[in-house]
Q: 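The structure is given below, and queries will be raised subsequently.
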Amino acid sequence: MRRFGLIGRPLGHSASAAYFTEKFNREGITDCEYSLYELGSIGDLPGLLERLPELCGLNVTIPYKRDVMAFLDSVSPEAEAIGAVNCIRRTADGRLAGHNTDVIGLRAALNELLGAAQPVQALVLGTGGASQAVQYALAERDIPFALVSREAAKGNYTYDDLPCEAVEASRLIVNASPVGTYPNVDAAPRIPYAYVTPEHYLLDLVYNPPLTQFLDYGRQRGAHILNGRTMFVEQAEASWRIWNA
C-alpha cells in the first residue's frame, strides 16, 4: 500500500483525505491511501516518516509550510523562490523533495476570477506560507500588492491601521489567512467592507465553508467573488503528478 497524507495543525477543516479517497475510488486506484496526520510540532515529522516507511508523499498546510523546509533534502527552485513548501515527495532512497503546488492552484484561481481584468493594485490579507505563494503569483501577473498583517513588522498595514482608501483602490483583495475557516465560520478579516464595490474582485483561499463571511460581505457589495475550491483541486492534482513522476 502506498500512503500519502497531509501534515499540519489543526486539520479538522481539511477536505484533502475525502478528495483523494474519492479520486482513488473514481479512478480505480486500489493500492493507495491518503490520511490526515496532525502534528503538534514540525519536529514530529521524522518520527512520522520512521513509523510509516510506505509514506510516499505529503501535503503540508498551516502552520508548517515554511518550517518544514529545514527537514527537506531538496527544494524546487520555485518553492525556494516562494519561500514555502506544501508538497513533499519521498523518493525510493528516502530523500525528501519539497515543491510548491499552491502557486499552481493560485494561477488557476486568478485566471477564473479575473479573466482578462488587470487590477491596478491588490491587497493580500495574511503573511504566512500561503500568502507567500499569493505574492509570487501576483508578481507573475505584474499586479502590485500591499500586505495586511496582525503584526506591523510583517506587512505594509495592520488591520488596525488599514486605510479605507487602500481598500477602495485595491480592486483585488485576497484572503490568504485562515480567518473564516470551519469551525470559525462567523469570523472575517477586519477590513472596511463598505469600501468594496462591484468593481472589486475578492478571492478567499478558504474553501470550507464555500461561502465565507469575507466572500459574503463582498457579495453583498456586488463584488466578483471566488472561494478556495479551484485552488484546492488544482494544487491537489499537481501534488499527485509530482508523487507519481
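Numbering starts at 1 and runs along the sequence shown.
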Q: Any heavy-atom pair between the side chains of Ile42 and Met69 that's under 4.5 Å?
A: no

Q: How close do Gly218 and Leu202 get, counting heavy atoms only, and between which atoms?
A: CA-CD2, 3.6 Å

Q: Taking it one step at a time, do Asn111 and Arg141 satisfy side-chain contact (heavy atoms from CB on, under 4.5 Å)?
A: CA-CA 10 Å; Asn111 286 340; Arg141 298 177 76 105; 2.7 Å; yes

Q: Could you name each residue pair satisfying salt bridge (charged side-chain N to carboxylate O under 4.0 Å, His left out) that touches residues 102-113, not counting sequence neighbours?
A: Lys65-Asp102, Glu78-Arg107, Arg107-Glu140

Q: If you look at every heavy atom in Asn59 and Trp243, which pair is closest and at what distance?
A: OD1-CH2, 3.3 Å

Q: Just how far is it from atom CG of Leu162 to atom OH of Tyr195, taken to the nearest 0.5 Å?
A: 11.0 Å

Q: Is any side-chain heavy atom of Phe145 closer than 4.5 Å to a side-chain heavy atom of Ser170?
A: no

Q: How about CZ on Arg150, more than 12 heavy atoms from neighbouring residues, nucleotides or ligands closer than 6.0 Å, or not?
A: no

Q: Which pair of non-hydrogen atoms, one from Gly40 and one from Arg9, has the smallest distance, and what is that distance?
A: O-NE, 3.4 Å

Q: For Leu58 and Leu96, what are the C-alpha separation, side-chain angles and deciding distance, and is it a side-chain contact (heavy atoms from CB on, under 4.5 Å)?
A: CA-CA 10 Å; Leu58 288 169; Leu96 302 178; over 6 Å; no

Q: Nearest 0.5 angstrom please: Asp73 CG to Thr91 OG1, how far?
A: 7.5 Å

Q: So, for Leu147 and Lys154, which heavy atoms are closest and what is the spacing to 0.1 Å?
A: CD1-O, 4.0 Å

Q: Measuring from atom CG of Asp44 to atom CZ of Phe71, what distance do you get when rounded to the nearest 0.5 angstrom?
A: 9.0 Å

Q: Under the side-chain contact (heavy atoms from CB on, under 4.5 Å) rule, collect the residues that match up with Val179, sequence neighbours excluded.
A: Ser177, Ala187, Pro189

Q: To the closest 0.5 Å, what do you measure between CZ (Phe24) and CD (Glu33)?
A: 9.0 Å

Q: State, with a plain yes or no, whether a side-chain heavy atom of Asn100 is found less than 4.5 Å away from one of Gln132.
A: no

Q: Where do Leu55 and Arg3 land on the side-chain contact (heavy atoms from CB on, under 4.5 Å) test, with the steps shown first?
A: CA-CA 4 Å; Leu55 197 54; Arg3 293 188 183 275; 3.8 Å; yes

Q: Could you list the residues that satisfy side-chain contact (heavy atoms from CB on, under 4.5 Å) with Asp161, not counting sequence neighbours?
A: Tyr157, Thr158

Q: Listed by chain and number, what are the salt bridge (charged side-chain N to carboxylate O under 4.0 Å, His left out) partners of Asp142, not counting sequence neighbours?
A: none

Q: Identify all side-chain donor-acceptor contacts of residues 204-215 below 3.5 Å with residues at least two apart in sequence or on another chain.
A:
residue: Asp204; atom: OD1; partner: Asn175; partner atom: ND2; Å: 3.0
residue: Asp204; atom: OD1; partner: Val206; partner atom: N; Å: 3.0
residue: Asp204; atom: OD2; partner: Thr212; partner atom: OG1; Å: 2.7
residue: Tyr207; atom: OH; partner: Ala15; partner atom: N; Å: 3.0
residue: Asn208; atom: ND2; partner: His13; partner atom: O; Å: 3.1
residue: Thr212; atom: OG1; partner: Leu215; partner atom: N; Å: 3.1
residue: Gln213; atom: OE1; partner: Tyr217; partner atom: OH; Å: 3.3

Q: Check this for me: Glu22, atom CD, are more than 12 non-hydrogen atoms of other residues, nucleotides or ligands nearer than 6.0 Å?
A: no

Q: Does atom CD of Glu27 have more than 12 heavy-atom neighbours from other groups under 6.0 Å away?
A: yes

Q: Does a side-chain heavy-atom distance below 4.5 Å link Leu110 with Leu138?
A: yes

Q: Looking at side-chain heavy atoms only, is the closest gap between Phe4 and Phe20 below 4.5 Å?
A: no

Q: Could you grab the distance from atom CD1 of Ile191 to atom CD1 of Ile173, nearest 0.5 Å is fine?
A: 4.5 Å

Q: Look up atom CG in Leu6 and atom OH in Tyr34, then write down how far apart they are to the nearest 0.5 Å.
A: 4.5 Å

Q: Side-chain contact test, heavy atoms from C-beta onward, threshold under 4.5 Å: evaluate it for Leu106 versus Met231 and give yes or no.
A: yes

Q: Stepwise, does the side-chain contact (heavy atoms from CB on, under 4.5 Å) test hold for Leu226 with Tyr201?
A: CA-CA 8 Å; Leu226 184 69; Tyr201 296 82; over 6 Å; no

Q: Sorted by first residue and then second, give each salt bridge (charged side-chain N to carboxylate O under 4.0 Å, His left out) pair with at least one member in residues 180-192; sequence neighbours left out.
A: Asp160-Arg190

Q: Using a 3.5 Å distance criterion without hydrogens, assess whether the side chain of Ser131 forms a donor-acceptor pair with backbone atoms of Ala176.
A: no

Q: Using side-chain heavy atoms (C-beta onward) and a distance below 4.5 Å, is Tyr37 in contact with Leu45?
A: no

Q: At their closest point, which heavy atom of Cys32 faces which heavy atom of Trp240, and how far apart are they?
A: SG-CH2, 3.9 Å

Q: Look only at the side chain of Tyr64 and the backbone of Val85, and say whether a donor-acceptor pair between them is shorter than 3.5 Å.
A: no

Q: For Gly8 and Thr61, which heavy atoms make the closest approach, and how far apart are they?
A: CA-CG2, 3.9 Å

Q: Please tell me if the side chains of Thr101 and Glu237 come closer than 4.5 Å, counting only heavy atoms from C-beta onward.
A: no

